[in-house]
2 protein chains.
Amino acid sequence: MSAEATSKSHPRPRRTQAERSLETRTKVCEATLQALIDVGYEQISTTLIAQKAQVSRGALTHQFPARNDMLVAAFQLLVSEWRDGYPFGSDPEREQLTVDELIDALWDNIFSDPRYIAAMELMLAARQDNDLGHALRDILVTWIGNRDKITVRLVGGDVDDDEAGLKVQLHLSILRGIAMHQSFDSDPDTARKLIELWKRIARNA
Amino acid sequence: MSAEATSKSHPRPRRTQAERSLETRTKVCEATLQALIDVGYEQISTTLIAQKAQVSRGALTHQFPARNDMLVAAFQLLVSEWRDGYPFGSDPEREQLTVDELIDALWDNIFSDPRYIAAMELMLAARQDNDLGHALRDILVTWIGNRDKITVRLVGGDVDDDEAGLKVQLHLSILRGIAMHQSFDSDPDTARKLIELWKRIARNA
DNA sequence: GTTTACAAACAGGTCTACCGGTTTTTGACT
DNA sequence: AGTCAAAAACCGGTAGACCTGTTTGTAAAC
């Protein structure tokens with residue numbers, strides 16, 4: 001009887017080292033993002049994350065020697081998901097979007113995500129921590145630049161036109177501001193109303 | 001020879017208890033806001049604030065029994081300054097502002113202030129701390145509602161018109177988003193350009 | 001003389017980085 | 001195939017630093 005047949009008594013599928021590492025790293029990163037949403041940055045500790053991730057603290061500290069390494073990796077994971085999913089085209093063949101569609105896509109897929117607020121909290125908290133701050137900013141710029149170019153093209157603008165780039169920045173700033181508003185405000189409809197109002201104004205501009 | 005004449009040897013102006021309390025409370029609050037800007041929320045401790053405020057830790061803990069009391073008082077001070085200064089009329093007799101003037105006034109006096117980002121960080125960090133979060137939100141709503149009404153009147157809108165209120169919210173959301181953008185972005189001109197772009201769009205809406 | 005503000009030291013708890021020991025995987029060699 | 005040493009992943013405990021809330025004592029104001 002071979003070993004893999006006795007999975008009940010020996011639940012050890014013999015994974016490679018890379019698989020083992022990846023699994024704990026992924027579990028830790030996801031737990032970190034969730035904890036950022038659930039309990040906030042201040043409460044995050046390596047002990048807590050290890051518990052939430054169902055991982056021993058030793059495994060965590062092995063994969064992430066310093067606490068900041070863990071936070072950076074979690075942020076990296078989040079940004080990667082945004083990057084890989086962008087521009088969220090249910091119709092990938094379409095190369096153009098109306099402004100309305102762009103706004104909705106950005107809001108539904110990024111800015112309304114509680115993880116966006118979590119990322120904001122992390123960015124703000126890391127603002128003064130030079131090591132952590134630099135690491136997070138580096139991760140961000142690697143995709144922000146690309147995202148902006150894609151977005152300009154998506155709405156039919158010229159990539160070399162500063163004005164078009166600025167308009168995209170304005171869209172993003174507005175959604176960012178509304179997302180922040182939503183995180184403080186109790187009324188869940190306000191955000192939607194603000195977006196509709198902005199769409200109406202943007203259409204005539 | 002009276003006591004106040006010997007100020008060199010006895011530097012004690014004999015202040016009242018209220019004056020003594022107020023001075024340490026003010027020093028602590030201002031040091032807290034500055035520390036929020038300089039080192040960030042995470043690094044704030046009663047010990048650090050006492051040092052920065054040139055106040056003994058005993059004095060601090062006497063005035064603010066719990067650490068959160070200190071943070072709440074600092075936030076209160078900041079919001080009070082915003083409230084008392086609003087709407088920043090260099091011409092107080094004018095009861096109407098153009099949209100351009102309103103945007104500039106809000107940006108110059110609130111959103112471009114580094115303390116605004118500090119307040120954001122504090123609000124986000126307090127999101128999950130129910131006691132602190134409630135206290136901060138209570139302070140905020142006591143002036144937000146009033147501010148919005150004043151602002152609607154200021155641009156000639158009807159206070160009972162939901163649409164007018166929503167427009168004000170949109171203005172604030174945009175400025176909020178730009179302020180956040182500025183805190184991450186290295187280019188200091190972008191914020192100004194975005195505001196000018198928004199003014200142009202808002203004028204035609 | 002009593003109350004208030006200030007001062008400093010203490011106790012209890014938590015967190016991080018590190019460390020020695022254990023299990024699992026790997027790859028080279030027979 | 002099977003063996004076995006080295007490497008990688010994992011585990012739990014500890015030391016040292018920090019921070020908060022409290023407490024005991026002193027000075028100033030009332």
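Residue numbers begin at 1 in each chain, while the letters A, B, ... track the order of the sequences.
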Within residues 18-44 of chain A, residues whose heavy atoms come under 4.0 Å of DNA chain D: A:Arg20, A:Ser21, A:Thr24
With sequence neighbours excluded, residues passing side chain to side chain contact (heavy atoms under 4.5 Å, CB included) with A:Thr26: A:Leu22, A:Glu30
DNA chain C contacts made by residues 123-136 of chain B, counting heavy atoms under 4.0 Å: none
Presence of A:Arg14 side-chain N/O under 4.0 Å of C:dT26 phosphate oxygens OP1/OP2: yes
Qualifying ring pair (Phe, Tyr, Trp, His ring centres under 6.0 Å) pairs, either residue in residues 159-190 of chain B, two or more places apart: B:His171-B:Trp198
Phosphate OP1/OP2 of D:dC19: any B:Ser45 side-chain N/O under 4.0 Å: yes
Under 3.5 Å: donor-acceptor pair, side chain of A:His62, backbone of A:Gly58: no
Sequence neighbours excluded - ring pair (Phe, Tyr, Trp, His ring centres under 6.0 Å) pairs with any residue from residues 114-133 of chain B: B:Phe111-B:Tyr116
Can you give the donor-acceptor pairs under 3.5 Å from side chains of residues 137-148 of chain B to other protein atoms, not counting sequence neighbours?
unit_1, atom_1, unit_2, atom_2, d
B:Thr142, OG1, B:Ile139, O, 2.5
B:Asp148, OD2, B:Gln169, NE2, 2.7

Stems involving DNA chain C, each a run of at least 3 consecutive Watson-Crick or G-U pairs under 3.5 Å: C:1-30 with D:1-30
Donor-acceptor contacts under 3.5 Å from residues 34-44 of chain B side chains, at least two apart:
unit_1, atom_1, unit_2, atom_2, d
B:Gln34, NE2, B:Asp38, OD1, 3.2
B:Gln34, NE2, B:Asp38, OD2, 3.4
B:Tyr41, OH, A:Glu42, OE1, 3.1
B:Tyr41, OH, A:Glu42, OE2, 3.2
B:Tyr41, OH, B:Arg67, NH2, 3.3
B:Glu42, OE1, A:Tyr41, OH, 3.0
B:Glu42, OE2, A:Tyr41, OH, 3.2
B:Glu42, OE2, A:Arg67, NH2, 3.2

Spacing of B:Arg15 atom CZ relative to D:dA27 atom P, expressed in whole Å: 17 Å
Sidechain N-carboxylate O distance under 4.0 Å for B:Asp104, B:Lys199: yes
Which residues share a side-chain hydrogen bond (donor to acceptor under 3.5 Å, both in side chains) with A:Thr190, sequence neighbours left out: A:Asp187
Interface residues of residues 56-74 of chain A with DNA chain D (non-hydrogen, below 4.0 angstrom): A:Ser56, A:Arg57, A:Gly58, A:Ala59, A:His62, A:Gln63
Exam field: side chain B:Glu19 to backbone B:Thr16, donor-acceptor pair closer than 3.5 Å: yes
Residue pairs, two or more places apart or on separate chains, that pass salt bridge (charged side-chain N to carboxylate O under 4.0 Å, His left out) and touch residues 170-185 of chain B: none
Residue pairs passing the salt bridge (charged side-chain N to carboxylate O under 4.0 Å, His left out) test where at least one lies in residues 117-135 of chain B, sequence neighbours excluded: A:Glu121-B:Arg127, A:Arg127-B:Glu121
A:Asn109 (side chain) donor-acceptor with A:Ala105 (main chain) under 3.5 angstrom: yes
B:Ser21 side-chain N/O to B:Ala18 backbone N/O, donor-acceptor pair under 3.5 Å: no
Spacing of A:Gln17 atom CD relative to C:dT25 atom P, expressed in whole Å: 7 Å
